[in-house]
Structure formats: structure tokens, C-alpha cells
Amino acid sequence: MTFGENLKALRNSRSVSQRELADELGFSFQNVSKWERNESLPDIETLVAIAKYFSTTTDALLGVVPEEKTDILSVSLDEVRAFRAYPGEETSLTAELVFAVDAEGKIAAIVYVPRNFAYRTSYVRGQYDPFVGESTLVYEGTYRFRNETVYEQRKLGIPEGGFLMAVPDSAFDSKRIMEFIIPDEYADFLDGETHPLYRNTNDGRGLFGDVLKRNELDGVTVELTDGGVLFKKPGAKVDPMAVNINALAAVVRRELKKEHDKQLFVLQSKIDELECLVYDLESRLDDLESGLKDE
């Protein structure tokens, strides 16, 4: 859509008349009418004022589609362990964060496997349950609590077409990954002094389970490559008042060229009219001279 079409659509959506908009901007309604008919373009200062008035961007007003920005975090395979299939032997995952990533690259689950103490064991293996089929066990063990033996188990299947990824909780990259993917409101829970536990201390629930339940990782995708793992998420929102100078300059140049071509066309039309008039006068003079000779 052109600037004029966008301006008219925004004005109608707010039920604002041309005169009301003109009064707000300090112009006559004839100016607004010309803008909407694409007969003229406001200056940059006025364009920014219009963007502020309608809570939009100058790019959107000018019909410029902004490029989609994506933030990317790259983590080498030296820092993580990835499993596309179940390992042939049991692999310890003690004191690690484990991510389950589905075939679309979405994070399906995040589990923190505690440190190995009080006879706890944590590992990845296949054929966990013959009734369920092939599964991935991320936590299983027994320990003594108040003179009783407690048996715990948690399992996390590798999603079909996806993979598991484990990161040591003490590694720099585990903190870096969590700071990248967790929404801003959870930043306090990633404090450097306590980050290995990754607990939501306000209500005792697992931080990541809370985030997953609220679908706050929908925009995050994870890709396993030969060189490592790529985390991707939509980039930061553009300041609504930001001006893309290059895009704006391109539009202004286009509008100036249109005006230039229009004026050239008008000038050429006048030249053609003058040439026709001169030709007509010359024809009349020829006729007059011929008449005088005949007399």
C-alpha cells in the first residue's frame, strides 16, 4: 500500500476526520487530502509526528516491509552433548540440564538432573520400560529419607525426529543458554550465585516447567548442526518511533522523481501546445502572403 492509502486506512480506523488530523498536525485539511491522494508527501518531521499520532512506525506508513530480525546463539558440541538416538551404553547425565527438542526444533521439555549424592544415579539409556517401549531415562535412583528408602524416576523421551541435548550446570554455556531463551521476567532466577539449581524460589516449582506451561518458549527454535547447536528466537522489537533513513530516503527520492516526471510532462505538453500554435501562425502567414501575391 502507498503512503496515502496507509494514512487513510489509519485515519478511518480511528474515526478521525481529515480536518481533525490536520488540526492536530498544524496543517489544512487540503494538505491531508493531497497526502491521501498521493499528490504530495509530508516532510520528515511531519511524517514522524503522524507515526506518533497513530502509534505506528514511519516504515509502516510508507509501506516499507521491515526485515525480520532473528537473534542467534551458537554453542559448540564441545560444550554440549547431543543424542539423536539412544546410546548403546548408559551415559551419565548427573548435574546437567537436559533439553528435549522435537522435529520442528521446538523445546518440548527441560529437565534439571541433580548432582549425584545419597546414592542417586542419573543416566540416558534405551528400553527403559518394555510396556512403554524405547524411552530415555534422565533420572532414576534411591536414597534414604527419614529412615525410609525413597525410589525416584523421571523419564524424557527423545521426540520423533528430534534430539536430546545435555549441558553441565556448572558450564558457562548453560548460563548463557538460559539467559538467551528465558523471558526477561525470569532473569532474577538466573543469578550467578544460584543458577545451578534453576529453581523458582517464589513457589517452589521448576522454573522451566513454569515457562513451558505458559508457552513462553514458542518463539525459540533449536537446530543441531555438524558444528554445534543453534538457538534462534525473534529479535528485539523495533522502537516504534525509529526511522529507517535508507528506506525513507528511497521513498522521498521516488516521490521526487514522480513529481519531477510530472512537471516534465506538463512542460512538454506546453511546449507541444506552443509548437502547434507556432505552426498554426506560420500557416496563417503563408496563407496571408499567398493572398497578397494573388492581389
Side-chain angles (χ1 to χ4, degrees), residues 1-72 218-219 221 230 232-295:
M1 294 175 66
T2 64
F3 166 75
E5 292 171 334
N6 287 327
L7 179 60
K8 185 175 182 179
L10 284 170
R11 186 176 57 76
N12 289 335
S13 69
R14 296 282 191 89
S15 299
V16 176
S17 68
Q18 289 185 344
R19 189 176 297 278
E20 288 173 332
L21 178 59
D23 291 343
E24 180 69 27
L25 299 172
F27 287 85
S28 67
F29 76 92
Q30 288 93 340
N31 287 112
V32 176
S33 179
K34 286 183 178 181
W35 295 340
E36 292 187 355
R37 296 200 304 269
N38 290 306
E39 293 181 0
S40 65
L41 193 71
D43 56 36
I44 294 178
E45 185 177 353
T46 305
L47 192 65
V48 173
I50 295 172
K52 289 182 178 179
Y53 182 77
F54 289 111
S55 299
T56 186
T57 66
T58 54
D59 282 358
L61 275 174
L62 295 169
V64 178
V65 180
E67 295 181 5
E68 292 186 3
K69 296 183 179 180
T70 303
D71 291 335
I72 299 177
D218 282 352
T221 58
L230 296 179
K232 301 178 182 179
K233 67 179 181 180
K237 292 183 179 179
V238 178
D239 180 355
M241 293 302 105
V243 178
N244 185 326
I245 296 300
N246 291 332
L248 182 58
V251 172
V252 171
R253 283 196 296 269
R254 186 179 71 228
E255 294 300 319
L256 286 174
K257 186 177 184 305
K258 283 170 57 178
E259 185 63 27
H260 179 260
D261 292 343
K262 180 180 176 181
Q263 292 182 10
L264 279 180
F265 177 79
V266 172
L267 182 60
Q268 186 61 52
S269 297
K270 290 183 178 179
I271 291 173
D272 291 341
E273 289 177 3
L274 286 172
E275 288 180 345
C276 288
L277 180 60
V278 169
Y279 177 78
D280 185 57
L281 288 172
E282 288 177 346
S283 296
R284 291 185 180 183
L285 284 173
D286 289 340
D287 292 342
L288 183 59
E289 289 177 355
S290 297
L292 291 174
K293 287 179 180 180
D294 292 339
E295 291 180 1

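Keep in mind it's a predicted model, so treat the numbers as computed, not measured.
- Residues P234 and G219 come closest through the heavy atom pair CD-O, 3.1 Å.
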Could you pull out every donor-acceptor pair under 3.5 Å between side chains of residues 19-27 and any protein atom, sequence neighbours left out?
residue, atom, partner, partner atom, Å
E20, OE1, S17, N, 3.0
E20, OE1, S17, OG, 3.4

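- The 12-atom threshold is not exceeded at NZ of K34, counting heavy atoms of other residues, nucleotides or ligands nearer than 6.0 Å.
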side-chain contact (heavy atoms from CB on, under 4.5 Å) between I271 and E275, intermediate numbers included: CA-CA 6 Å; I271 291 173; E275 288 180 345; 3.9 Å; yes
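- Note that CZ of R14 is 5.0 Å distant from OG of S55, once rounded to the nearest 0.5 Å.
- Taking CG from L47 and CZ from F3, the interatomic distance works out to 5.5 Å, rounded to the nearest 0.5 Å.
- Atoms CG and CD, on L267 and Q263 in that order, are 9.0 Å from each other to the nearest 0.5 Å.
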Show me, pair by pair, the donor-acceptor contacts under 3.5 angstrom made by side chains of residues 277-285, not counting sequence neighbours?
residue, atom, partner, partner atom, Å
D280, OD2, R284, NE, 3.4
S283, OG, Y279, O, 2.9

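- Here the shortest heavy-atom pairing between N6 and L61 reads ND2-O, 3.0 Å.
- Taking all atoms of both residues into account, the shortest heavy-atom contact from E5 to N38 is N-ND2, 4.5 Å.
- Between the CG atom in N31 and the OG atom in S28 there is a gap of 3.5 Å [rounded to 0.5 Å].
- Between atom CG of residue L62 and atom CG of residue L41 there is a gap of 6.5 Å, rounded to the nearest 0.5 Å.
- Residue pairs meeting the salt bridge (charged side-chain N to carboxylate O under 4.0 Å, His left out) criterion with at least one member in residues 36-51, sequence neighbours excluded, are R11-E36, R37-E39.
- Note that the CG atom of L7 and the CD atom of Q18 stand 8.5 Å from one another [nearest 0.5 Å].
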